[in-house]
Amino acid sequence: MGTKNEKGQQSGINNLREMFYRHIAQTSPAPLALEIVKAKGCKLIDKEGHEYLDLIAGISVSNVGHGNKKIIKAINKQAADYLHLLVYGEMIESPQVRYATLLTEHLPANLNSVYFTNSGAEATEGAMKLAKRVTGRSEIIAFNQSYHGSTQGALSIIGDEYWRNAFRPLLPCIQHLDYNSTAAIEAISTKTACVFAETIQAERGVHPPTKQWLQLLRKKCTETGTLLVFDEIQTGFGRTGSLWGFERFAVIPDIVLLGKALGGGMPLGAFVANYSLMNQLSKNPVLGHITTFGGHPVCCAAGMAAMKVLLDNNLIAAVEEKAAMFRKLLQHDAIVELRSEGLLIAIELKSQSEVFSVTKQCLEDKLIVDWFLFASHCIRIAPPLTITPKEIRKACKIILKSLNTLAK
Ligand code: PLP
């Protein structure tokens, strides 16, 4: 195999790494570029047979571990039965229907209608449209340092001007306010269609709100007829120690966004609301949100298998104990603060350069950690929830060793 150079001659490139840099669109200035050939549990194995311990789970996707047999079996079965049949919502596809049913059984009663999408960003888009359609309003409130996706609508509401600026004009009528602030509650009015909030701000480096603030947010939304949208794309499926992040705040949203672990490693997102709201997308205009592949049967079969593994093995019950192990073992003078919401953990260091140095050093020791989009001075730890105590001890030892290499 080879590719043609500018003169049309075969260049003889047959190296996957070179082809990766040449033909895979690069948006990261420094991709990890590991050539992984197998993934199992918390381990990624490269083509030379090196075993990496994965502390980021594909950014909170592989919550039940890589290569789970039940997920693979469900994928194989569904692939053998049928793949794509028709655009979303036209056929009764059993993986979609059964997964929507399982999800709604584990969500508050008002969240009983699921619209499956291809990604988290598309769930954000769908929820924005639903809120505008239902309320007839155009104003949206979102929070500084919140992340909701990278498409134009989602980008318009994410809370960081560095990422938004190059792509203007974006959507109008969006207010970005401070999370957990009184000003945000005061700004909600009868003109506000919806408020988008993460239940824990993940990409800010793991910052939860106070229970009281989230409850006030709910109250003001109810008073003004504003829809409250919770983005559980990163915090859902047991990541923070409960099935959904919002559970511990005793606040129920009008719309919830799901993604990442929702598909068990396959691409899947969803926005979930009450049937009475969702139903409005079927009139004025009809087909108010359209997707060809959203809720693909193989993705739904995989996601449902993953959710069952999560629930049947009681994986969520062990999250807090495992998080406590990380907190106990990760003590070092270089750590400014360690924030842990279950197995969504941020280790704050003094600077971005310290984080880059530690993550590089960890990689040399075959440990994969990362930083956060809006907090590059924090190391991201979000392993598969199946991580074992032995793996936690090994990971912490490597992180401490890397922290030791930082200049005092
Ligand atoms: N919302 C949150 C909180 C996320 O963390 C992400 C992805 O990181 C998204 C939305 C967007 O999801 P996707 O990358 O599937 O579009």
Side-chain angles (χ1 to χ4, degrees), residues 25 27-28 56-63 115-131 140-160 163-164 167 170-171 174 176 179 194-209 214 228-240 244-246 249 253 255-272 289 291 293-296 299-300 302-303 306 339 341-346 370-376 378 380-383:
T27 63
S28 164
I56 55 176
I59 314 292
S60 301
V61 168
S62 313
N63 282 15
Y115 192 118
F116 284 115
T117 62
N118 301 281
S119 66
E122 199 192 327
T124 303
E125 300 286 340
M128 290 169 97
K129 285 174 68 182
L130 179 63
I140 294 177
I141 289 179
F143 295 107
N144 292 324
Q145 294 172 286
S146 269
Y147 185 72
H148 302 291
S150 192
T151 51
Q152 292 266 308
L155 188 65
S156 307
I157 61 165
I158 72 167
D160 194 301
W163 267 274
R164 291 190 305 249
F167 304 102
L170 294 170
L171 286 183
I174 313 267
H176 292 98
Y179 195 66
C194 61
V195 176
F196 273 80
E198 290 172 90
T199 43
I200 286 152
Q201 283 193 303
E203 296 305 318
R204 184 182 162 198
V206 187
H207 286 272
L214 218 57
L228 180 58
V229 185
F230 279 168
D231 182 337
E232 288 275 357
I233 289 169
Q234 194 159 166
T235 46
F237 295 94
R239 172 62 49 198
T240 68
W244 314 117
F246 62 76
F249 300 100
I255 306 177
V256 72
L257 311 183
L258 305 176
K260 294 194 180 279
L262 173 73
M266 296 291 278
L268 193 64
F271 57 106
V272 186
H289 195 65
T291 168
F293 289 125
H296 191 281
C299 303
C300 285
R339 292 181 293 278
E341 297 297 324
L343 284 172
L344 182 59
I345 300 171
D370 194 12
W371 52 88
F372 294 91
L373 202 55
F374 305 142
S376 53
C378 299
R380 177 199 305 270
I381 297 187

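Both counts, for ligands and for their atoms, begin at 1 and track the order of listing.
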Do the charged groups of Glu203 and Arg380 touch, with an N to O distance under 4.0 Å?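 Looking at Glu203 and Arg380, the cut-off is met.
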
Any luck finding a side-chain donor-acceptor pair between Thr291 and Asn118 under 3.5 Å?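 Distance-only check passes for Thr291 and Asn118.
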
Applying ring-ring contact (aromatic ring centres under 6.0 Å, His included), can you list everything that pairs with His207, at least two apart in sequence or on another chain?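 Once residues adjacent in sequence are excluded, His207 has no partner under the ring-ring contact (aromatic ring centres under 6.0 Å, His included) criterion.
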
For ligand 1, the residues whose heavy atoms come within less than 4.0 Å (ordered by chain, then number):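 Ser119, Gly120, Ala121, Tyr147, His148, Gly149, Glu198, Asp231, Ile233, Gln234, Lys260.
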
Results of side-chain contact (heavy atoms from CB on, under 4.5 Å) for Ser150 - residues two or more places apart only: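 In terms of side-chain contact (heavy atoms from CB on, under 4.5 Å), with neighbours along the sequence ignored, Ser150 is linked to Tyr147.
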
Counting N and O atoms only, with roles assigned by atom type, does the side chain of His176 sit under 3.5 Å from a partner on the main chain of Ser156, one being a donor and the other an acceptor?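 Yes: the side chain of His176 pairs with the backbone of Ser156.
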
Taking salt bridge (Lys or Arg N to Asp or Glu O under 4.0 Å) as the definition, give me every residue that meets it alongside Glu198, ordered by chain and number, with sequence neighbours left out.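 Listed in chain order: nothing, the list is empty.
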
